[in-house]
Amino acid sequence: MFFDYSYIDKAFINGRIITVNDQDDICEAVGIKKNKIVFVGSNEEIKTLIDENTEIIDLKGRAMTPGFIDSHYHPILSGFMNGAIIDATYPKCKSIEDIKELVRERAKVTPKGDWIKLWGYDNNKLAEKRHVTLEDLDDAAPDHPVQCMRTCGHVCIYNTLGLAAGDIKTPEDIKRFGEGEIEVVDGKFTGLTRDLSAFYLWSKVKYTEKELKEAIERANKACLEGGITSVHDCGECDAPAYSMMFKAAKSGWFKPRQFMMLHSIFGKPFSKEDNEHFLKLGFHTGIGDEHFRIGSCKFMVDGGSSGPTMATREPYSHDPTLPRILSWDREEVADYIDYINRHDCQATAHAEGDLAVEFMVEGYEKALKNHYRKPEEHRHRIEHCVIVDDDLIQRMKAMGIVPIANTHFIPLNGSDYHRYFGERINYLFALRSFIDAGLKPAIGCDAPTAACDAIAGLDGAVNRIDRGTGEVCGPGQRISMLEAVRCYTMNGAYASFEDDIKGSIEVGKLADFTVFSEDILAIDPVDIVKTKVDYTIIDGEICYKRGEN
């Protein structure tokens, strides 16, 4: 590869350059020209490439890594928070009354009949230690349909008008949905819906183009502040979202590079229609350019981990009576994976519990037997992959499946996970086991469920501490800081077929970097939460500098 070395545009010197190359080299300096890396080496060596036109940035011993890649993110949904959707997260909402007050205030400025939307309450942290109810929401806003999503995104409370928007008016109407999806107690709705029913009702909620654009702008700011230079968009509000995210990439008001999966948050029929339309046209994963690419064909097998609603083989430890939701059965999963694989596209699915992961692994085995593709050709994924075991890991290794872990969840929910799953927590977000087996796990925040923040993801991977209670959660799955950086960079690039252009700091690759306030390899790992992102750099442009944005 030829570069004009007569000068370089920017020189980063005196750094702790974590290259994430094959040798895990640590260097001092990086030089870039336009949007590419043209030099990696020592302070002395780079001096010969600097002239009066070169901008010199002294890192002063700080760590520079390849730009962090969030491999599971929902930009629009995340950006809706504090905009189209009211933020009801803890500690903003510490009680049911706090939530009701937010609804009352929004009702004052919302035309009757229009939706009021909230996201983020956590029943485990509310003073009442219970879910919001239909009666709570009806009391606060009797003239508006209300959607109040739990933090996990898999449990949602709707009031009477909200349920009616989906033609759910009497307990008899729940027969259209799966067992346990719509809660009825003593012959009355509680308002609680789970997974497919919650997503179906979500499809009745409307968002304006202005709300979508504002959401993307908020997400852009959050990514840059969090040190994120690329995202794998794992699903939004169907067709308008695809169009808006493409426009955002082309216009430059969403800076991070996008790998946009075909998946609708509105549920199974919507996602199937999107995927099948794409495949029938003969399109493939990877269409696009380095700023916007079409990603995986995605579907959703089970529920969430923090509700919990995910499909585990054994009942939850804290309450064996809770439903464990499956949106697809075993045969459907296998057939659908086979369909995607035969079209030479990358398949992935939301699969959290070990039963759902088992369905995925079995489906991949059958599909690759019918239409074999090498691991580096298909790079099939499993999103979340929360609970596994040794057998599932070895079967994933045999096929080269890429697990995507949401380590951000551990600092938020670690103690709840221990209560929900007992000893199974020792195989929860099992990065140590994945890496030891030779897999290439990547990391994603799943915002708005957790913040799009590189430091939080590193903390969850390296320390596995519930930052609210101090409880250590499955310490046997801890990985080193350097391993966590690789998961967040090179492995993320591999998961989107882009490891040839990004994911490491090497000559010829895109000039995407994250710069931290400390040398993250030298500090006590527990103190990673005290570290800040100082710079986020995309295409050689400083898109975020702490204290100036």
Side-chain angles (χ1 to χ4, degrees), residues 15-16 18 20 59-73 78 81 87 89-92 120 122 124-125 151 221-229 305-306 405-418 425 428-429 431-432 441-489 492 513-536 544-547 549:
R16 180 84 158 150
I18 303 170
V20 197
L59 295 175
K60 299 178 181 178
R62 291 174 291 187
M64 170 186 272
T65 69
F68 270 39
I69 299 168
D70 193 298
S71 295
H72 191 109
Y73 182 47
S78 178
M81 298 290 276
D87 182 356
T89 54
Y90 181 88
K92 185 171 185 177
D122 186 345
N124 295 310
K125 294 181 173 67
T151 182
K221 184 174 185 289
C223 284
L224 298 180
E225 290 177 351
I228 305 302
T229 63
S305 61
S306 68
N406 311 118
T407 55
H408 303 63
F409 292 2
I410 298 173
L412 295 173
N413 305 313
S415 294
D416 288 334
Y417 286 149
H418 208 166
I425 200 170
L428 182 139
F429 298 126
L431 289 178
R432 176 78 275 145
I443 290 174
C445 67
D446 198 22
T449 302
C452 186
D453 177 7
I455 290 166
L458 292 174
D459 180 37
V462 173
N463 296 311
R464 296 183 67 99
I465 297 170
D466 184 316
R467 290 291 178 173
T469 67
E471 181 178 346
V472 177
C473 305
Q477 293 297 343
R478 286 171 166 161
I479 61 175
S480 72
M481 189 68 73
L482 186 56
E483 288 171 323
V485 170
R486 179 172 290 275
C487 290
Y488 233 138
T489 55
F513 311 106
T514 305
V515 177
F516 296 91
S517 60
E518 309 286 339
D519 177 358
I520 60 174
L521 298 186
I523 62 173
D524 185 331
V526 174
D527 291 334
I528 187 65
V529 293
K530 300 176 184 177
T531 303
K532 307 293 182 184
V533 171
D534 276 359
Y535 294 95
T536 302
Y544 168 78
K545 183 178 180 181
R546 185 163 61 99
N549 295 68

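If you're wondering where the values come from, they're calculated on a predicted model, not measured in any experiment.
- Note: Q477 CD to I425 CD1 = 10.5 Å, rounded to the nearest 0.5 Å.
- The shortest non-hydrogen separation linking C445 to A451 is CB-O, 3.4 Å.
- D534 and S517 get closest at one heavy-atom pair: OD2-CA, 3.4 Å.
- The backbone N or O of G474 lies less than 3.5 Å from a partner atom in the side chain of R464, making a donor-acceptor pair.
- By the 4.5 Å heavy-atom criterion applied to side chains, N463 and I528 are counted as neighbours.
- Contact record, Y73 with A447: CE1-CB, 3.4 Å, taken as the closest heavy-atom pair.
- Every ring-ring contact (aromatic ring centres under 6.0 Å, His included) that F516 has, sequence neighbours left out, goes to F68.
- Here the closest non-hydrogen pair linking T514 and V533 is CG2-CG1, 4.3 Å.
- Between the side chain of H408 and the main chain of D453, a donor-acceptor pair closer than 3.5 Å is present.
- To the nearest 0.5 angstrom, M81 atom CE is 4.0 Å from D87 atom CG.
- Remark: D527 pairs with D524, K530 by the side chain to side chain contact (heavy atoms under 4.5 Å, CB included) rule, at least two apart or across chains.
- Between the D446 side chain and the T449 main chain, no donor and acceptor come within less than 3.5 Å of each other.
- In this structure, CD1 on I520 lies 7.5 Å from OG1 on T531, to the nearest 0.5 angstrom.
- Side chain of T536 to main chain of Y544: no donor-acceptor pair is present (N/O by atom type, distance under 3.5 Å, no hydrogens or angles).
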_For a side-chain contact (heavy atoms from CB on, under 4.5 Å) check, start with the C-alpha distance between I18 and T489, then their side-chain angles and the critical distance, and finish with the verdict._
CA-CA 11 Å; I18 303 170; T489 55; over 6 Å; no
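- We find the NZ-CG distance between K125 and N413 to be 5.5 Å, quoted to the nearest 0.5 Å.
- Using a 4.5 Å cut-off on side-chain heavy atoms (C-beta onward), M481 and L458 make contact.
- With a 4.5 Å cut-off on side-chain heavy atoms, L412 and T151 do not count as touching.
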_Quick one, C473 with Y417, criterion side-chain contact (heavy atoms from CB on, under 4.5 Å). Give me CA distance, side-chain angles, the key distance, then yes/no._
CA-CA 8 Å; C473 305; Y417 286 149; over 6 Å; no
*asked:* Could you walk me through whether H418 and D466 satisfy the side-chain contact (heavy atoms from CB on, under 4.5 Å) test, starting with their C-alpha distance in whole Å, then the side-chain angles of each, then the deciding distance to 0.1 Å, before giving a yes or no?
replied: CA-CA 10 Å; H418 208 166; D466 184 316; over 6 Å; no
*Full working for side-chain contact (heavy atoms from CB on, under 4.5 Å) between V485 and V20*: CA-CA 8 Å; V485 170; V20 197; 3.9 Å; yes
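- Between V526 and V529, the closest heavy-atom pair is O-CG2, 3.8 Å.
- In this view, A405 and T407, F429, L431 satisfy the side chain to side chain contact (heavy atoms under 4.5 Å, CB included) rule, not counting sequence neighbours.
- Within the 4.5 Å cutoff, side-chain heavy atoms of V515 are placed close to those of L59.
- Considering only heavy atoms from C-beta on, V472 comes within 4.5 Å of R478 through its side chain.
- Between N406 atom CG and S305 atom OG the span is 7.5 Å, to the nearest 0.5 Å.
- We find the OG-CG distance between S306 and D122 to be 6.5 Å, quoted to the nearest 0.5 Å.
- There is a side-chain donor-acceptor pair under 3.5 Å between S415 and E471.
- Of all heavy-atom pairs spanning I443 and A484, the tightest one is CD1-O, 4.1 Å.
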